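Written below as structure tokens is the structure these notes are about.
Computed from a prediction, not measured in an experiment: that's the story for all the values here. Only this structure's heavy atoms are used, side chains among them; waters, hydrogens and symmetry mates stay out. Every chain is numbered from 1, with letters handed out A, B, ... down the list of sequences.
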Amino acid sequence: MQQGLSLGAVSLEEELALIRRGAEEIFPEEELVEKLVAARREKRPLRVKLGVDPTARELHLGHLIPVLKLQTFQQLGHQAVLIIGDYTATLGDPTGRNKARPPLTHDQVLANAEGYAAQLFRFLDPKGTELVYNGRWFGQMGFHDVIRLLSHMTLARMLEREDFQNRWKNGFPIGLHELVYPLMQGYDSVQVRADVELGGIDQKFNILVGRDLQKEVGQPPQVGVCSPILLGLDGKEKMSKSLGNYIALSDPPEEMYGKTMSIPDELMMQYYELITTVSLSELDGIRRGLADGSLHPRDAKRRLAREIVMRFYNEEAALAAEAHFDRVHKEREIPADVPEVVLDTASLKEGRIWIAQLLVRAGLAASNSEARRLVAQGGVRLDGEVVTDPEFDWPARSGVVVQVGKRRFARIVVAS
RNA sequence: GGAGGGGUUCCCGAGUGGCCAAAGGGAGCAGACUGUAAAUCUGCCGGCGCAGCCUUCGCAGGUUCAAAUCCUGCCCCCUCCA
């Protein structure tokens, strides 16, 4: 992780360039400049807010984009304010979906929250981060407080939000509780007196609601710094868990590397910009190289994959992941580290095991039927030899590597 | 409160008595090709040691030789009118 800088350690231009990097929209940008200037003058760091709702257990790179932006602010000497939306998460955020998210219990949310915070502090300096749960204020509000909060908004205003509008037009349900969500997020900004709020561009509406609420209580309104929505590995849809097109924060280095190699070429620059720390001038070089053909897209992507692994692990892991990838995909060889699967003698009949059973036991197929199909399609190998007969009874032998497809392996160990 | 529409295999969605383990698309998996786990093409895509059998179409019953399809009750969702 880069060292934190003190406020004003870099020029205002540099500071702005770092903040703008990969940002899709900053609104209003003039206000951001004013705030930055004032911060320098008064030696008062900006309070930069990021709210996360711990609705899932697993974080992926898409979640991380605004977090990395917060890291940037922190490194520039500003005050990070991380809000864990333990209350908002129980509501279900309508963001970008046309189905209401199923509500979580508060206990589930708190359990998730712990994991989140731990993961996020891999990127944020805990000492320079104010961590708050929004249940701290929402948990204390009475019904009349809620009504008062609601009175700040009109239905028409709320329906301006694109997602609500779409659902309204298409006859999809909009839960009343969902209408409250933007107000809650906005109220968070009031509570922490945010100068800047970060988020994906899908948060724009909510961030603007925060500005309105702040103005109403006489606070200087926050500035929104929105990141684009990171596209997933397919290059078409938003990175999301349910679509399965994601790189998880918990993915091992080889997975991260391989998944990165699978993104469409057009996505490379966005990933470079949003996820890596490769300098802006170097990015220009890469862009030019790709454009004039002097840089092979494969090489640009290999570097990207390394950079990404490096950011989440380290250089050593990145190089190892690359070696693994080359071995499995370029040379079509068995990787160095193959998980072992132990076969106990009880699963053998006269020292043999049916190939389908072998695959199931090795976790390479979900059922005998699936295993049969894999064999029938020529997708199964024993020590590199394709198995063609779905009825094959294999004389089990330790050390043999079973392979399904191009990249799923298991080394068999026969228990004695 | 009234009227109407609907709940199908991971998702979307066709199917209104046998030809239905259920069209089509998506996702996923495998094969070919490739710089690639991209794109494209091909195949597979409920379970069972599988030319056969078993379980599935909101839930519970019923009619029938035969039900995802018909009947009864229940649960859930949506739209319109008020």
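To the nearest 0.5 Å, atoms OG (S227(A)) and CD (E25(A)) are separated by 11.5 Å.
Note on E254(A): a base of the nucleic acid sits closer than 4.0 angstrom, heavy atoms only. Note on R303(A): nothing from the nucleic acid sits closer than 4.0 angstrom, heavy atoms only. D234(A) comes within contact range of no nucleotide atom at all, as no heavy-atom separation falls under 4.0 Å. If you check every strand for non-hydrogen atoms under 4.0 Å, R381(A) touches nothing. Using a 4.0 Å heavy-atom cutoff across all strands shown, K330(A) reaches no nucleic acid atom at all. Counting any heavy atom pair closer than 4.0 Å across all strands shown, G405(A) reaches sugar-phosphate atoms only and no base atom.
In a base pair of the Watson-Crick type (N1 to N3 plus N6-O4 or O6-N4) or a G-U wobble (N1-O2 and O6-N3), with each distance short of 3.5 Å, U69(B) is matched with no nucleotide. In this structure A30(B) sits in a base pair with U42(B), meeting the Watson-Crick or G-U test at under 3.5 Å. Across all strands shown, G49(B) has no partner, as no Watson-Crick or G-U wobble contact with both distances under 3.5 Å is found. The base-pairing partner of C80(B), taking Watson-Crick or G-U wobble contacts with both distances under 3.5 Å, is G2(B). Base-pair partner of C74(B): G58(B) (Watson-Crick or G-U wobble, both distances under 3.5 Å). U63(B): no Watson-Crick or G-U partner with both key distances under 3.5 Å is found in any strand.
Taking only distance into account, the side chain of D326(A) never meets the base of G35(B) through a donor-acceptor pair shorter than 3.5 Å. At a cut-off of 3.5 angstrom, counting only N and O atoms as typed in the model, there is no donor on one side facing an acceptor on the other between the side-chain of R407(A) and the base of U36(B).
Counted by atom type alone, Q185(A) and T88(A) present zero donor-acceptor pairs between their side chains at under 3.5 Å. Judged purely by distance below 3.5 Å, without hydrogens or angles, the side chains of H324(A) and E255(A) never pair a donor atom with an acceptor atom. Between the side chains of S189(A) and Q222(A), at least one donor N or O lies within less than 3.5 Å of an accepting N or O. There is no side-chain donor-acceptor pair under 3.5 Å between D188(A) and Y87(A).
Using atom C1' as the reference point in both C59(B) and G7(B), the two lie 11 Å apart (nearest Å). Taking atom C1' on both G47(B) and U42(B), the two are 26 Å apart, rounded to the nearest angstrom. Nucleotides C10(B) and U56(B) are separated by 14 Å at their C1' atoms, to the nearest Å. If you take atom P in G18(B) and the same atom in C44(B), they sit 25 Å apart, rounded to whole Å. Across the P atoms, C76(B) and A21(B) are found 33 Å apart, a figure rounded to whole Å. Taking the P atoms as reference points, A82(B) lies 33 Å from C70(B), given to the whole Å. Rounded to a whole angstrom, the distance from the P atom of U9(B) to that of G46(B) is 13 Å. Rounded to the nearest Å, the gap between the C1' atom of A22(B) and that of U36(B) is 37 Å.
Atom CG in N245(A) sits roughly 15 Å away from atom C1' in C10(B) (whole-Å rounding). Between the NZ atom of K406(A) and the C1' atom of U34(B) there is a distance of 10 Å, given to the nearest Å. Straight-line distance from the NZ atom of K259(A) to the P atom of A38(B): 13 Å, rounded to whole Å. For the pair R298(A) CZ and A39(B) P, the interatomic distance rounds to 19 Å; values are reported in whole Å. In this structure, M268(A) atom CE and A39(B) atom P are separated by 14 Å, rounded to whole Å. Atom CG in D389(A) sits about 14 Å away from atom P in C50(B), given to the nearest Å. Between E322(A) atom CD and G35(B) atom P the separation is 17 Å, expressed in whole Å. Computed from coordinates, the D265(A) CG to G35(B) C1' distance equals 9 Å when rounded to whole Å.
A cation-pi geometry, defined here as NZ or CZ lying under 6.0 Å from the six-membered ring centre and within 45° of its normal, holds between K204(A) and F27(A). A cation-pi arrangement is not found for K301(A) relative to Y272(A), the charged atom failing to lie both closer than 6.0 Å to the ring centre and inside a 45° cone about the ring normal.
The 5' end of RNA chain B is approached more closely, in terms of each residue's nearest nucleotide, by P297(A) than by the other of P297(A) and E391(A). Residue H329(A) is the one, among H329(A) and W354(A), whose nearest nucleotide of RNA chain B lies closer to the 5' end (criterion: closest heavy atom).
For P264(A), the side-chain atoms get nearest to A38(B) when compared with the rest of A38(B), G49(B), U34(B).
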**Report entry** Trace of the ring pair (Phe, Tyr, Trp, His ring centres under 6.0 Å) decision for Y133(A) with F138(A)
**Finding:** CA-CA 9 Å; Y133(A) 284 61; F138(A) 289 125; over 10 Å; no
Requested in this report: For salt bridge (Lys or Arg N to Asp or Glu O under 4.0 Å), just list the numbers for E307(A) and R303(A), CA-CA rounded to whole Å, side-chain angles, deciding distance to a tenth of an Å, and then say yes or no.
Outcome: CA-CA 6 Å; E307(A) 292 284 347; R303(A) 162 130 193 234; 3.0 Å; yes
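For residues 363-379 of chain A, proximity to RNA chain B is found at S367(A), N368(A), S369(A), R372(A), R373(A), L374(A), Q377(A), G378(A), G379(A), defined as any non-hydrogen atom under 4.0 angstrom from a strand atom.
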List the atom pairs, donor and acceptor, that lie under 3.5 Å between side-chain atoms in residues 353-366 of chain A and the rest of the protein, sequence neighbours left out.
from: W354(A); atom 1: NE1; to: P390(A); atom 2: O; distance (Å): 2.8
from: Q357(A); atom 1: OE1; to: R361(A); atom 2: NE; distance (Å): 3.2
from: Q357(A); atom 1: NE2; to: N368(A); atom 2: OD1; distance (Å): 3.0

